[in-house]
Amino acid sequence: MGFLTLLWLIPALGALVAALAPSRNASRAWALLVSGAGLLYSAWLLLPYGRGAGALRLEEIGRGSWLGIRYRMGVDGLSLPLIWLSAFLIVVALLSSRRDFSKGYWASFLALEAGLFGVFSAQNLFYFYLFWEAALIPMFFIIGLWGSEGRVAAAFKFILYTFLGSLALLVGLIYLVVVHHGATGIWTWDIPELARSPIAGPASIWIFAAILIGFAVKIPVLPLHHWLPDAHTEAPAAGSILLAGAMLKMGVYGLLRVLIPVFPDLSAAALPWLGGLGAANVVYGALCAMAQKDLKRLVAYTSISHLGFCLVGLFSLTSEGIAGAALVMVNHGLSTGGLFLLVGMLYDRAHRRGVSDFGDLASGAPYFAFFFAFILLSSIGLPGLNGFVGEMMSLAGMARVHWPLAAAGLGGTVLAAAYALPAYHQVFWAPAGPGSVTAKVTDMEAGERALLWALSAVILFLGLYPRPLLELMRPAVTTLAGRL
Amino acid sequence: MTSLLVLTAGLLWLVAMGLAGRSGKAQSARAVAVFAILLATLCLAPTGEAADGLLRQDGFSACWQLIFLLAALPLAMLMPMEDESSAILLLGSLAGMSLLASANHLILLFIGLESMSLPGYLLVYRLNRGRDSLEAAIKYFFMGSAAAALYLFGASLYYGATGSLALAPAGPSSFRLEFSLALMAVAALLKIGAVPLHFWLPDVYEASAPELAGFFSTAFKAAGILFLLRLLQLPPVLSEGMQLALPWISAVTMTVGNFLALRQSSLARLLAYSSIAHVGYLLLGVWAWTRDGRPLPGSILLYLAAYLFMSTGAFAALRLSGLKRWEQLRGYGARSPWLAGFMALMLLSLASIPPTGGFLAKFFIFWDALRAQGAGWVWVAAFNSLVGIGYYFSWIKAMAFDPADEQAAPPAPKLSLRQQGLLWGCAVPTLFLGVWPGVHTWLTALLGAAR
Amino acid sequence: MSAIPVSAFLVLGTPALALALAFFLFHRRLARRTHWPILASCAVVTLAAADLALRAWRGEAWDQTLFTWIVGGPWSVEFGIRIDALCVSVLAMVAVVGTLIHVYAVGYMAHDPGFSRFFLYFHLFFFSMIGLLVSNNYLQLYLFWEGVGLASYLLIGFWYERASARAAALKAFLTNRIGDACFLAAVLLLLAQFGTVQFSELFERVASRPVSDPWLAWACGLLFLGAAAKSAQFPLHVWLPDAMEGPTPTSALMHAATMVTAGVFLMARSGPLLEKAPEVLGLIAWIGAGTALGSAIVAAMKKDLKRILAYSTVSHLGLMMMAIGVGHAFAAVAHLVMHGFFKALLFLCAGNVLHALGRSTATVDEVGGLARRMPLTAACFAVGALALAGIPPLSGFFSKDLVLEAVDGRGDRLLMGAALAVAVGSSLYIFRMFWLAFFGDRPRQGGPRAQLHENGAWMQIPVLLLALLSFGAGAAAWGVGLLPAELSGHTAGLGLSAAAAGLALSCLLFMAWPQWDWNWRERWPGLERWMDADFGWQTFAHRVVAAPAAAFARFVAWNWDRRVLDRFLESSAETCLGLSEGMSSLSRGMLNDYLWWMAAGAACLAGCVLWAF
Amino acid sequence: MVWAVSAALLILGLAALVLRRQLLAMVLGLELMINAANLNFVFYGSRRLDAAATAIVLLVIAVAAAEAVVGLSLILALRGKGSAAESSELLGLQG
Amino acid sequence: MTALLALFGAAAVAFAVLMLLQRSLLSSALCLLAVLFQIAAMFFVLNAPLVALMQLLVYAGAVMVLLVVAVMASGTRLSGLWEGFSARRLWPLAVFGVLLLQFIAVSLLEPPASGSPGVSLDREAAALLFGPYRLMTEAIGVLVLLVSLSVLPDPKAEGPSES
């Protein structure tokens with residue numbers, strides 16, 4: 001059994017066991033155990049990279065190859081941080097969930113984890129797509145079964161939108177392989193091999209567009225973003241954490257892993273457009289977030305804004321931009337995941353999410369106030385915390401090639417303060433209005449505090465010393481940038 | 001040939017049982033039917049020509065007959081059986097299909113078609129005996145018979161054009177030949193429910209017993225597809241006209257199927273329209289094959305195999321749960337989690353979500369179509385898949401998310417061991433076909449080797 | 001270059017350590033003792049800064065990289081410490097003034113429930129400023145720059161239960177964020193153009209560039225915008241007057257040492273860049289002049305004690321910017337340091353008054369005749385006022401003279417006229433405040449306050465020390481040769497006469513005839529409102545920038561993102577169902593229709609064959 | 001020329017199916033269609049002097065008879081349900 | 001021969017049209033009968049006397065009888081059968097009578113010789129049916145057996161009523 005197969009197989013089988021467990025508590029304990037094991041395992045995978053060896057590590061099991069479809073997994077410096085992030089967020093999400101959820105809940109999260117691990121470690125496009133889709137279904141149930149009032153509509157919107165993207169992706173990928181076969185006479189679905197001999201011709205534009213749409217829905221890029229606010233808002237807190245923290249990254253990772261390596265020329269040609277879309281994402285998400293009255297929705301829109309930085313960095317096609325985008329992925333996962341975690345804790349206590357439902361929490365719940373401020377500041381890109389480094393690198397990359405777009409992105413950082421702080425003021429500082437639920441909010445318990453201390457420590461560390469992560473990514477980024 | 005004989009023998013044995021006045025022993029009739037089907041399955045092999053060249057048992061025949069027999073098994077296990085007559089009709093229909101699959105002569109094909117269909121009409125009515133099922137049977141009878149008559153007329157034209165009725169390329173391609181082909185294809189298209197020849201299909205699926213609808217949607221469709229493939233192979237050069245028409249038929253079929261499924265409140269009817277949509281995808285695969293003239297790829301067989309398990313499973317779940325209307329679905333997941341979970345798995349497969357057979361099947365169809373330069377048609381199919389998501393996931397949503405409506409739904413059934421086995425028998429292959437992409441290569445090889 | 005001294009690490013490390021200690025150990029358990037580690041840290045920092053200052057005086061300088069922060073392909077950014085004359089001169093002032101204000105705050109905040117929190121914020125402010133000063137590259141500077149901004153935000157919003165405090169904090173942060181974005185844009189430009197933002201390397205590379213390189217001009221302009229936000233220059237000065245919402249020690253620290261000086265420091269630091277962008281220099285000079293003059297006028301009509309001082313700060317920062325603009329960073333920094341002393345003194349005096357009143361703000365109308373009840377404070381305030389007005393031999397005279405000299409050296413009479421007008425104005429508004437607040441019989445509003453008395457030692461000692469510094473720092477620096485030995489008689493005379501003119505005018509207007517300050521307001525209320533809003537700029541910024549941005553956000557979020565897109569989705573769904581309905585209406589279960597469709601289908605198929613054949 | 005007759009018969013049979021509402025009349029149309037095919041077979045068979053055509057027609061007649069039996073039995077069953085043998089009675093299933 | 005074929009063909013088409021137009025079931029059935037007769041005549045002309053005979057026997061005989069029984073059993077009253085069969089529409093009957101006579105005349109005029117190609121074809125066909133085509137014959141046998149089940153009585157007298 002290969003070391004990467006084990007990675008996704010453990011949670012996959014774990015999900016089965018969790019679904020069949022004799023009781024809810026057993027299921028929960030088992031899920032925590034498995035996700036904890038996943039976290040340890042992913043951390044163990046990171047270890048060899050600490051010594052500076054950052055290249056691709058492949059695992060091949062079985063010799064079967066059918067028309068180029070073969071089971072092939074591999075990790076490198078770009079996928080490992082995301083694997084670790086997913087594992088970390090799953091643990092955080094499960095720990096923060098109420099104990100009385102049913103067995104299906106715990107099983108769904110493990111299944112989701114398996115899908116995420118698979119996506120981030122597949123080296124063959126077929127399996128990439130397989131895991132890509134497999135991750136959707138548990139999320140559909142998580143939103144639809146355990147979400148809040150509008151959950152059903154949100155789950156439906158989620159599945160329709162993401163499926164739109166998936167279908168575009170599927171057709172694009174098959175078309176890619178077919179055209180590649182037409183040009184080279186070789187059937188292959190392996191990402192490295194496809195990247196080795198780029199295809200050209202009129203069909204390539206269509207393929208590029210299809211694959212781009214596939215990933216863009218997931219990220220989400222501007223005109224296709226509409227599923228996100230609803231899904232994030234209505235999902236249970238743990239679901240939102242994973243949705244924003246890990247699942248959106250699938251799209252960016254896809255761009256990074258598939259689209260740009262396979263279509264370097266087209267990506268370069270599309271640079272102003274896609275970078276522009278990214279900048280538009282930044283500004284649009286921030287503007288929408290500014291006007292939100294629901295905390296969770298606000299955080300959801302900030303995701304759109306942050307993922308815009310990923311696009312800006314990625315489509316600068318410079319090494320620092322790409323590394324920045326990769327870093328934004330991790331950082332956004334931590335900070336937005338943390339925000340959803342906090343909003344979820346508030347919601348658990350007060351069953352409200354409206355900004356104006358709260359007030360003056362800072363005096364009654366100082367830990368909430370502190371952690372919320374800390375993570376919010378990381379989210380709006382305060383230097384010294386993790387959010388800044390990635391955004392700065394993305395923008396620096398873009399500034400080198402197309403600096404008006406970088407300027408637009410910078411405008412987003414101003415708007416970030418404009419959406420984050422007023423909401424914070426209302427919830428934590430302003431006197432509680434009539435009908436507010438402040439009284440129901442008790443301060444954090446020790447366990448919750450520990451969770452957030454851990455998160456904050458990571459946030460601070462990555463803000464001041466992101467170098468290990470950057471070094472980890474460097475070989476892959478260099479390879480990618482070298483191809484452009 | 002042997003399996004055909006086994007089926008016929010079983011049929012005659014049942015007739016004899018009936019004549020001997022041992023009727024009423026429904027279980028023994030069921031046992032004979034199941035035994036005959038299993039035995040016939042064991043006897044399947046590509047044995048070559050037989051019966052003075054009237055039969056040609058090749059790889060196609062064997063593969064397809066396997067599908068027929070596997071599709072018939074749940075029907076034989078589930079259908080109500082007051083006396084032998086239903087079992088007799090089932091075996092007769094199966095024998096007709098087997099004949100169709102291995103016929104090497106246009107008229108034998110016709111006889112096979114009629115032997116398959118006539119008991120089918122009767123079964124639609126006799127398994128349910130309601131006013132609706134009678135109506136459906138009559139509608140089906142008229143459309144099927146009219147199509148059979150068109151087929152016969154086409155065959156006569158073909159005979160006039162070539163002087164031959166053997167199922168092998170004969171004579172130069174001519175307009176008359178191609179025209180006759182088009183007329184004959186009508187019968188095949190009707191059997192699979194291609195639009196606009198599909199109207200009987202939702203009526204029949206809705207009104208007949210769910211297990212029978214499952215049988216129709218799998219075995220009859222498979223037979224129809226094989227029928228179509230045989231016809232397409234008939235002219236010396238692949239027909240230009242059919243190549244032109246097939247993608248349009250496919251696109252219209254999947255579109256109509258999916259869009260009409262959106263508004264159904266009868267579950268069987270919804271599945272019927274869904275099966276129409278699936279025929280659309282299948283026809284896309286058939287078209288792709290006609291385009292590049294390679295030996296038949298495994299895609300179509302894979303699709304049929306995957307569809308066999310998922311459709312049978314879906315209809316069997318309907319039968320076992322007793323659900324009929326959309327309203328009854330609400331909250332079913334909480335009431336009967338296992339059956340609902342099984343149903344959801346089948347629906348996911350129908351919606352072609354990995355890792356299920358439905359996904360892999362559609363995947364290879366798309367692949368074939370893209371190889372055949374059919375990107376535009378693939379986009380149509382992809383859009384249709386999206387529409388499909390709409391109703392498949394609505395179904396899952398209704399079961400899983402909606403609050404239960406206690407008085408509407410039938411009580412959760414207590415499944416016997418045999419019934420559970422049947423469900424597992426559908427679920428496991430559905431998953432297996434989804435996780436092993438090599439199955440396509442394997443099926444292609446199987447079809448090629450047995451040629 | 002010798003090995004970097006331990007003091008350099010101490011100035012940066014001690015506050016960080018103290019903050020951690022105070023936060024993790026004291027804040028929850030020993031909330032009333034949080035100032036212990038922090039005051040200790042202040043002491044260490046002051047000593048270390050003194051050590052550094054002495055070393056720097058001997059001509060030593062260090063530039064040491066500590067570790068690599070960000071690696072981004074073609075460039076990398078390090079964390080480092082750069083100690084040079086510029087850094088040390090500001091550092092010494094910041095350390096001393098900061099420490100004194102810390103001590104003052106112990107007394108000032110003694111009874112506030114947020115005592116511990118206040119000290120955390122306060123020291124963070126202090127720490128960020130020090131970090132900013134010792135940074136050896138722009139990005140690190142930016143980090144601490146934002147830290148300064150964050151701490152000022154927290155302090156302005158310290159009494160967050162007040163809506164005005166929250167609004168002021170938000171305004172400060174947002175305005176600063178705009179400036180920060182410009183700063184970061186400049187950093188990114190420099191990175192893109194030169195591949196480094198480390199001062200030493202960057203300045204070397206810039207040196208080889210021609211004058212008026214457009215990229216450099218952009219970068220300098222953006223840097224200035226960043227500095228303008230921090231140092232409250234037009235058009236980004238809007239936040240500073242409102243920032244008085246914080247506790248008074250905050251204002252003192254912000255205006256004297258830690259925040260507004262950062263912009264001037266940044267400009268001084270960027271000297272080698274600015275040299276290559278003369279257009280930007282001219283712009284800076286004129287913006288500085290305009291800001292200085294305008295805010296001096298506004299200061300002369302404000303009533304709130306702290307706001308008068310705030311506008312005074314803006315005005316003096318304008319002067320410093322003028323000096324920067326005419327290429328004399330040295331004069332700017334010198335004035336920065338001296339200004340730090342006397343402005344801190346003035347604020348702390350105002351704080352004394354407010355603390356005695358038990359309020360957080362007060363207008364000149366609400367106080368009056370303070371000189372009798374708080375003589376020490378009044379005396380100290382007088383020292384500060386004289387220093388600010390530039391009366392020799394107080395500290396302000398020397399630095400202001402340097403600025404005037406620098407401006408005069410440019411040869412632009414208009415600019416020089418503006419500088420002199422600012423000098424007149426400074427003297428006018430500070431003595432107006434002095435007369436109105438400390439003289440007269442009693443408050444014109446709010447009744448007599450006989451019970452007012454001087455505050456405790458925690459607050460008096462720092463004030464006295466600052467008064468000493470305000471009095472003698474200039475002369476001392478001149479004496480030891482830190483400032484140029486020769487004074488130009490021409491500019492000194494002009495400056496002195498301007499100060500004297502202002503003093504005389506204030507005596508005339510506000511001591512002899514104090515009613516005048518009321519009467520013109522009653523006669524021209526529109527004029528008062530206009531001037532009160534910074535000549536309408538505050539209103540303009542709100543109506544043209546802030547309100548439309550919020551309205552646009554609401555439009556995008558609700559009208560477009562929710563309504564239009566939701567409607568689009570709904571109509572897509574409706575279209576699908578409509579298509580479905582249309583398809584199903586083609587046949588309503590009639591067998592003959594079925595057969596008709598079959599015949600039609602067969603005909604179509606046959607037609608297709610016919611057509612293709 | 002015979003092909004014209006058979007084509008006409010086919011179309012008329014189809015027309016009967018499409019136009020007539022009585023189910024029995026529609027059965028008549030079916031029979032007409034089958035006869036059109038038979039006519040063709042016999043015609044081409046006689047032109048080629050091919051006995052196969054004759055044999056086939058005989059088989060087809062038998063199949064057609066079987067088909068008629070099934071159809072008529074279903075139509076008769078409709079009477080048992082109390083409806084007239086009209087296609088307009090068969091509107092229970094639609095949509 | 002061609003002329004005869006044309007004659008019978010035209011008549012067959014004419015009767016088919018009539019069948020379509022008749023509103024009455026019985027007259028439609030009679031028109032079909034006429035068509036079948038014409039086709040039988042054409043078979044005869046086309047040298048297929050055996051098929052012609054079968055056509056008359058099986059179709060015109062058995063199937064039509066079956067039809068008429070069905071018509072009667074389907075509950076239409078006998079008088080109802082003649083609905084729409086007005087006197088004005090008696091002319092088809094006249095035509096029908098004429099053509100019947102004509103057919104009988106033709107068959108009397110040209111009796112098939114024993115050595116004629118038609119007869120040998122019939123013999124060959126019989127050989128085929130019981131030789132190479134026997135599979136088809138057997139299959140049809142089974143089929144007929146199967147469809148005969150449709151006349152078996154329902155085990156349940158009344159089906160489950162629709163709910």
Side-chain angles (χ1 to χ4, degrees), chain A residues 157 223 225-226 229 284 286-292 301 318-324 360 362-363 373 377 380 382-384 388-389 392-393 395-401 403 406-407 410-411 413-419 421-422 425 428-431 464-467 470-471 474 477-478 481, chain C residues 28 67-75 77 79 113 117 139-140 142-147 149-150 153-154 157 160-161 163 165-167 169-170 173-174 176-178 180-182 184-185 187-189 191-193 218 546 549-558 560-562 565-566 568-569:
Chain A
K157 213 170 180 180
H225 68 284
H226 205 230
Y284 185 92
L287 278 175
C288 285
M290 265 172 81
Q292 296 309 315
Y301 275 109
T318 57
S319 58
E320 69 265 38
I322 293 172
D360 196 27
S363 43
L377 289 171
I380 68 175
L382 192 82
F388 171 73
V389 186
M392 180 260 161
M393 289 177 76
L395 292 173
M398 192 45 102
R400 205 140 67 88
V401 291
W403 91 275
L410 278 170
T413 64
V414 177
L415 293 175
Y419 62 67
L421 298 182
H425 284 190
F428 288 94
W429 286 1
L464 288 176
Y465 198 57
R467 206 141 156 239
L470 286 170
E471 290 295 332
R474 192 154 68 171
V477 170
T478 314
Chain C
R28 295 301 284 177
F67 64 92
T68 303
W69 181 22
I70 303 176
V71 192
W75 46 261
V77 178
F79 246 81
R117 185 162 58 92
L139 205 66
Q140 185 190 348
Y142 178 78
L143 187 157
F144 289 111
W145 179 274
E146 285 268 288
L150 171 69
Y153 160 76
L154 292 171
Y160 53 74
E161 57 280 356
R166 294 196 301 273
L170 185 63
F173 198 84
L174 285 183
N176 270 300
R177 191 84 180 174
I178 294 173
D180 298 347
C182 295
L184 189 56
V187 173
L188 297 181
L189 266 187
L191 260 186
Q193 288 299 309
W218 271 106
F552 183 61
R554 277 195 299 278
F555 171 79
V556 170
W558 297 105
W560 170 257
D561 199 75
R562 293 310 292 279
L565 288 186
D566 272 347
F568 170 73
L569 283 188

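It should be emphasised that the depicted structure is a prediction, and the values quoted were computed from it without experimental measurement. Every chain is numbered from 1 and lettered A, B, ... according to where its sequence line falls, protein lines coming before strand lines.
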What is the minimum heavy-atom distance between C:L191 and A:M392, and which atoms define it? CD1-CE, 3.4 Å

Find the one option among C:F79, C:F144, C:W558 whose heavy-atom pairs under 4.5 Å with chain A are most numerous. C:W558

Compare every heavy atom of C:L188 with every heavy atom of A:A399, then report the nearest pair and how far apart it is. CB-CB, 4.0 Å

Mind ranking A:A323, A:P229, A:A362, A:G324 by heavy-atom pairs under 4.5 Å with chain C and telling me who comes out on top? A:A362

Sequence neighbours excluded, the answer for side-chain hydrogen bond (donor to acceptor under 3.5 Å, both in side chains) partners of C:W75 is A:E320

Count the heavy-atom pairs under 4.5 Å between each of C:L150, C:D566, C:I178 and chain A, then report the option with the highest count. C:D566

Under 4.5 Å heavy-atom distance to chain A, tell me which part of C:F67 shows up: side chain, backbone, both or neither. side chain

Nearest atoms (heavy-atom pairs only) where C:V71 meets A:L470: N-CD1, 3.6 Å

Heavy-atom closest pair, residues A:H225 and C:L565: CE1-CD1, 3.6 Å

Which of A:T318, A:I380, A:I322 touches chain C most, by non-hydrogen pairs under 4.5 Å: A:I380

Contact leader toward chain A among C:P74, C:A185, C:A163, where contacts are heavy-atom pairs under 4.5 Å: C:P74

Checking A:A407 against chain C: side chain, backbone, both or neither under 4.5 Å from a heavy atom? neither

Name the member of A:G321, A:C288, A:A286, A:S319 that forms the most heavy-atom pairs with chain C at distances under 4.5 Å. A:C288

Measuring heavy-atom distances to chain C, does A:P422 have an atom under 4.5 Å in its side chain, in its backbone, in both, or in neither? both

Comparing A:K157, A:R474, A:M398 against chain C, the one with the most heavy-atom pairs below 4.5 Å turns out to be A:K157

For A:L464 and C:W69, the nearest pair of non-hydrogen atoms, with its separation, is O-CD1, 3.2 Å

Here the gap from A:L377 atom CG to C:E146 atom CD, rounded to the nearest 0.5 Å, amounts to 9.5 Å

With respect to chain C, which residue among A:A291, A:P383, A:A481 yields the maximal number of heavy-atom pairs within a distance under 4.5 Å? A:P383

Just to verify, what does A:D360 make a side-chain hydrogen bond (donor to acceptor under 3.5 Å, both in side chains) with, not counting sequence neighbours? A:S363

Does the separation of the ring centres of A:F388 and C:W145 fall below 6.0 angstrom? no

Whether C:Y160 and A:W429 hold their rings parallel, tilted or perpendicular, with breakpoints at 30° and 60°: parallel

Against chain C, work out which of A:Y465, A:Y284, A:F428, A:Y419 has the most heavy-atom pairs shorter than 4.5 Å and name it. A:Y284

For A:H425 versus C:R166, what's the shortest heavy-atom pair and its separation? CE1-O, 3.3 Å

Beyond-backbone contact of A:M290 with C:V556, side-chain heavy atoms, under 4.5 angstrom: no

Student check: side-chain heavy atoms of A:H226 and C:D561 closer than 4.5 Å: yes

Region of C:Y142 that comes under 4.5 Å of a non-hydrogen atom in chain A: both

About how many Å separate CG of A:L410 and CG of C:D180, when rounded to the nearest 0.5 Å? 10.5 Å

Would you mind telling me which of C:Q140, C:R562, C:R554, C:E161 has the largest number of heavy-atom pairs within less than 4.5 Å of chain A? C:R562

